[in-house]
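To start, the structure itself, in structure tokens.
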There are 2 protein chains.
Amino acid sequence: MSEYEHTCMIRGDGGKTLRAILDQICNKWTLLIVATLDQGTLRFSDLVQQIPGISQRMLTLTLRNLQRDGLVDRAVFAEVPPRVEYTLTAVGKSLIPPALALAGWAIEHVPHIEESRKAYQSGS
Amino acid sequence: MSEYEHTCMIRGDGGKTLRAILDQICNKWTLLIVATLDQGTLRFSDLVQQIPGISQRMLTLTLRNLQRDGLVDRAVFAEVPPRVEYTLTAVGKSLIPPALALAGWAIEHVPHIEESRKAYQSGS
DNA sequence: CGGGATCCTATATGATACTG
DNA sequence: CAGTATCATATAGGATCCCG
């Protein structure tokens, strides 16, 4: 039943490699931006509108990181007013299935987790 | 090619539900602890030894959260010296496959990401 | 329109010392 | 052994204003 032979992928080098990547992915906005860009190419203002609550600052920062890591392409058009379009790269798209796996797990277990939290509260 | 129909799982309610759970999972130690506990039942001191760099404080805090969320069982034995054993619950174990999926993605793309970072640096 | 620059706060994490 | 308590710090994230 145990998957111990495989969890070395997580524990690996003490989890360093994995966590370095995970830190980039599991911040507040990355998955949301990637999931939104799965629709296709979008402009900066499109992303602001479609991602509720994100600030310009965090959108810019997160997009820069995604671009730096090669998950997103950034195309600037020399027009007035300026136009900048963002598109998922192949690597960016490849992140979606594992992200969905985690999202599926989370959504599937939300009821159990919330129940457990209530029981824990009343217990202590 | 697009998985847009499915990414609503991520975007859902603006990502709120997913991120509430993700915040618990993607902190510095949670996945490492869960992966370590996949071996089976372990004592507090076992975890300290097997997880390099973790402090007693963070191990305690993270274990409490996992226990509260029903991912880990905590068993206290009234002995001297005290013995406390931690075990993954079924829900806790169920987190491992999606975690492995993400870990697999990360490890598979580390080379590409590092390459992209170097290119980004020299570009700017 | 698409940011950059600046300031600010909350929180996660760490170090250390103490205890039943 | 398995924590708790306290203090300190780094950083993520947010608010606001300005610019080409």
Side-chain angles (χ1 to χ4, degrees), chain A residues 14-16 18-34 36-37 41-69 72-87 120 123-124, chain B residues 14-16 18-34 36-37 41-69 72-87 120 123-124:
Chain A
K16 259 180 53 184
L18 174 61
R19 282 242 352 278
I21 304 296
L22 235 51
D23 282 350
Q24 294 300 321
I25 289 173
C26 288
N27 54 30
K28 191 164 180 179
W29 301 110
T30 295
L31 276 186
L32 236 43
I33 292 175
V34 169
T36 303
L37 281 174
T41 299
L42 290 176
R43 301 180 61 167
F44 187 87
S45 49
D46 295 330
L47 289 167
V48 170
Q49 287 168 17
Q50 294 201 27
I51 301 176
I54 197 169
S55 64
Q56 283 198 343
R57 173 184 150 80
M58 286 318 295
L59 179 55
T60 301
L61 284 178
T62 310
L63 283 171
R64 286 293 176 279
N65 284 335
L66 287 170
Q67 182 192 358
R68 183 199 58 183
D69 290 354
V72 157
D73 272 335
R74 179 173 182 265
V76 185
F77 298 85
E79 304 173 353
V80 178
R83 180 162 56 106
V84 180
E85 293 185 345
Y86 293 92
T87 311
Y120 186 81
S124 71
Chain B
K16 258 180 53 182
L18 174 61
R19 282 245 349 280
I21 304 297
L22 237 51
D23 282 350
Q24 295 299 324
I25 291 173
C26 288
N27 54 31
K28 190 163 181 179
W29 301 109
T30 295
L31 276 187
L32 236 42
I33 291 175
V34 170
T36 303
L37 280 175
T41 298
L42 291 176
R43 300 180 62 165
F44 188 88
S45 50
D46 294 331
L47 289 168
V48 170
Q49 287 169 16
Q50 294 201 28
I51 302 175
I54 197 168
S55 63
Q56 284 198 342
R57 173 183 149 78
M58 287 316 296
L59 180 55
T60 301
L61 285 178
T62 310
L63 283 171
R64 286 293 176 278
N65 285 335
L66 287 169
Q67 183 192 358
R68 182 201 57 184
D69 291 354
V72 157
D73 272 335
R74 179 173 182 265
V76 186
F77 298 84
E79 305 173 353
V80 177
R83 180 163 56 106
V84 179
E85 293 184 346
Y86 293 93
T87 311
Y120 185 82
S124 68

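Numbered from 1 within each chain, the chains take letters A, B, ... in sequence-line order. Quick caveat: nothing in here was measured; it's all calculated off a predicted structure.
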What are the two closest heavy atoms between [X] and [Y], and how far apart are they?
X: A:Ile33; Y: A:Leu59; answer: CD1-CD1, 3.6 Å
X: B:Asn27; Y: A:Arg19; answer: O-CD, 4.3 Å
X: A:Leu37; Y: A:Tyr86; answer: CD2-O, 3.4 Å

Any [X] side-chain nitrogen or oxygen under 4.0 Å from OP1 or OP2 of [N]:
X: A:Tyr86; N: C:dG3; result: yes
X: A:Arg43; N: C:dC1; result: no
X: B:Ser45; N: D:dA2; result: yes

### Task
Assess whether side-chain contact (heavy atoms from CB on, under 4.5 Å) is satisfied between B:Gln49 and B:Phe44, documenting all intermediate values.
CA-CA 9 Å; B:Gln49 287 169 16; B:Phe44 188 88; over 6 Å; no

In whole angstrom, give the distance that lies between atom [atom1] of [X] and atom [atom2] of [N].
X: B:Glu85; N: D:dG3; atom1: CD; atom2: C1'; result: 16 Å
X: A:Leu32; N: D:dG13; atom1: CG; atom2: P; result: 12 Å
X: B:Arg19; N: D:dA12; atom1: CZ; atom2: C1'; result: 11 Å
X: A:Arg83; N: C:dG3; atom1: CZ; atom2: C1'; result: 17 Å
X: B:Leu59; N: D:dA2; atom1: CG; atom2: P; result: 10 Å
X: B:Ile51; N: D:dA2; atom1: CD1; atom2: P; result: 14 Å
X: B:Asp46; N: D:dG3; atom1: CG; atom2: C1'; result: 15 Å
X: A:Gln49; N: C:dG2; atom1: CD; atom2: C1'; result: 13 Å

### Task
Not counting sequence neighbours, which residues clear side-chain hydrogen bond (donor to acceptor under 3.5 Å, both in side chains) with A:Asn65? List them please.
none

## Note on the structure
Its contact letters, B for base, S for sugar-phosphate only and - for none at protein heavy atoms under 4.0 Å, make nucleotides 7-20 of chain C read ------BBB----B

### Message
Are the side chains of A:Arg74 and A:Val84 in contact, using a 4.5 Å heavy-atom criterion?
### Response
yes

### Query
Does A:Thr87 use its side chain to pair, donor to acceptor, with the backbone of A:Thr41 at less than 3.5 Å?
no

